[in-house]
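Right, one structure below, let's go through it.
All figures in this text were calculated on a predicted structure; none of them were measured in a lab. A, B, ... follow the sequence lines: proteins, then strands. Residue 1 opens every chain.
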2 protein chains.
Amino acid sequence: MSLRDRKRARTRQALVEAATTLFERDGYDETTVADIAAAAEIGTRTFFSYFPSKEELLFPESDARVRAAVEAIADRGPHEGPADVLLRALHRVGDDNDDLSGRLAALRLRYIREIPAVRGRALQIQTDAQGEIARHLAAAFPEQLDEVGAAALTGAFVGAVTAALQVLLADLDRLDDPAAVQAAVRRATDVALRPWVTGAA
Amino acid sequence: MSLRDRKRARTRQALVEAATTLFERDGYDETTVADIAAAAEIGTRTFFSYFPSKEELLFPESDARVRAAVEAIADRGPHEGPADVLLRALHRVGDDNDDLSGRLAALRLRYIREIPAVRGRALQIQTDAQGEIARHLAAAFPEQLDEVGAAALTGAFVGAVTAALQVLLADLDRLDDPAAVQAAVRRATDVALRPWVTGAA
DNA sequence: TTGCAAAACTGCATCCGATGCAGTTAACGT
DNA sequence: ACGTTAACTGCATCGGATGCAGTTTTGCAA
């Protein structure tokens, strides 16, 4: 990796950290892009060559989860059906929830509820990920699932977990506690997916 | 209804129609709020007392579908389970898809794919509607569903239909044909919900 | 009908996010 | 060491959105 690339990665990281600190101190709307750029010691204009928009700061590695899920599909056993694989993939994604120790994740969870632009971006990322997973799932089970069926199955899983999680997080004021969030995620998957684990594959 | 209210409703309608025409002619980003306000013969500033944002023009009656679904839940038969009721509600919502003759609906479907802000707003509306439906469902079946379970079930249904519909609409270039869209919606619900209609309630 | 209070409309100034452009600076490979 | 390429930066600009203050319109009661 060249010096250029290393420097660039460092600046990117500095931007995320500066944004995290400023968001925590002043709030999302109160923190301007100019503030963040200044804190990371780059020009305001240059910010937009690192992130296309302010929201994106909250989702610095949105690909990681998708990759984990795709891996889980690839690592399927010989006797697993589509629902089993999907279930395993979702659990693995839930476990990997600790991206970078929490501070940013806590902000993200709060802002997804409070700031429309952030919520919109989060939902779009989820939709895209869902589509990607469905594509891989259909490819893995060509005889049992067509494109539409795979999308429907994936949508049902993700939709169930997301909705359940939302209810569980709604009355959770201490979003800063990673353990509580982790527990909520696990309970959400359990409740949401119970209808499948007992039924047919 | 007072003269004031009637006039206000007329202006609101004029704004939606002006926006529809301008969007069709020039595109979403190319049409400014000032253009729309001018076409409806009100000041630019006044626009924001009718709609809080530009996107909102594309969702003028987002409550209607929720009301239809809630009605469907209320009209349940004595032997229907939660899944049956939800299925019927979803079908009714699908049938009511012809809001105001299509032009706006066609634009909406296109822009949900193309413009991030619109997609974000659409997903937020869907999420809110989902939550509302789940609340009513839980209230209707207090012994079989708790809050989390109702949210998970509703999320699964809506998620499945939405995902399936998205695949079907992806290769549909002629979005202007209401019949084709209607058919896609119906097929999406059929495919997505097949696992439930045969299984247990 | 008249007069008053509430609501709606409007222009103006302002802020912020985002983009195009052009000039400068820094890093890379030879 | 040098030319090429990429990155950084300031500047100007645009559109969406909000607060404010002044004017106009509507509603209602005297």
Original post:
What nucleotide among C/dA8, D/dA17, C/dA18 has an atom nearest to a side-chain atom of A/Lys54?
Top reply: C/dA18
**OP:** Kindly say whether A/Thr32 contributes a backbone atom to a donor-acceptor pair with the side chain of A/Asp35 at under 3.5 angstrom?
**Re:** yes
Original post:
Does B/Lys7 place a side-chain N or O at less than 4.0 Å from the phosphate oxygens OP1/OP2 of D/dT26?
Top reply: yes
Original post:
Going by heavy atoms closer than 4.0 Å, what residues in residues 25-52 of chain A are next to DNA chain D?
Top reply: A/Ile42, A/Gly43, A/Arg45, A/Thr46, A/Ser49, A/Tyr50
**OP:** Could you check A/Arg110 against A/Tyr28 for side chain to side chain contact (heavy atoms under 4.5 Å, CB included), going step by step and ending with a plain yes or no?
**Re:** CA-CA 10 Å; A/Arg110 173 156 18 137; A/Tyr28 185 82; over 6 Å; no
**OP:** For residues A/Ser62 and A/Asp128, determine if any side-chain heavy atom of one lies less than 4.5 Å from a side-chain heavy atom of the other.
**Re:** no
Subject >> Side chain of B/Ser2 (C-beta onward), nearest among D/dG27, C/dG17, D/dA17 >> reply: D/dG27
Subject >> Spacing of B/Arg4 atom CZ relative to D/dC28 atom C1', expressed in whole Å >> reply: 10 Å
Original post:
Roughly, in whole Å, what's the span from CD in A/Glu55 to C1' in C/dC16?
Top reply: 12 Å
Sort me out a list of protein N/O and nucleotides 22-24 of chain C N/O pairs below 3.5 Å, or just none if empty.
none

**OP:** Return the value, rounded to whole Å, for the distance between atom CD1 of A/Ile115 and atom P of C/dG17.
**Re:** 12 Å
Original post:
Quick one: A/Asp5 CG to D/dA7 P, roughly how many Å, whole number?
Top reply: 8 Å
Original post:
Which salt bridge (Lys or Arg N to Asp or Glu O under 4.0 Å) pairs, counting each pair once, include a residue from residues 132-151 of chain A, with sequence neighbours left out?
Top reply: A/Glu132-A/Arg135
Subject >> Criterion side-chain hydrogen bond (donor to acceptor under 3.5 Å, both in side chains) on B/Thr31 and B/Arg25, from CA distance to verdict >> reply: CA-CA 9 Å; B/Thr31 305; B/Arg25 204 190 58 184; over 6 Å; no
Original post:
With respect to the phosphate group of D/dT26, does any side-chain polar atom (N or O) of B/Arg8 fall under 4.0 Å of OP1 or OP2?
Top reply: no
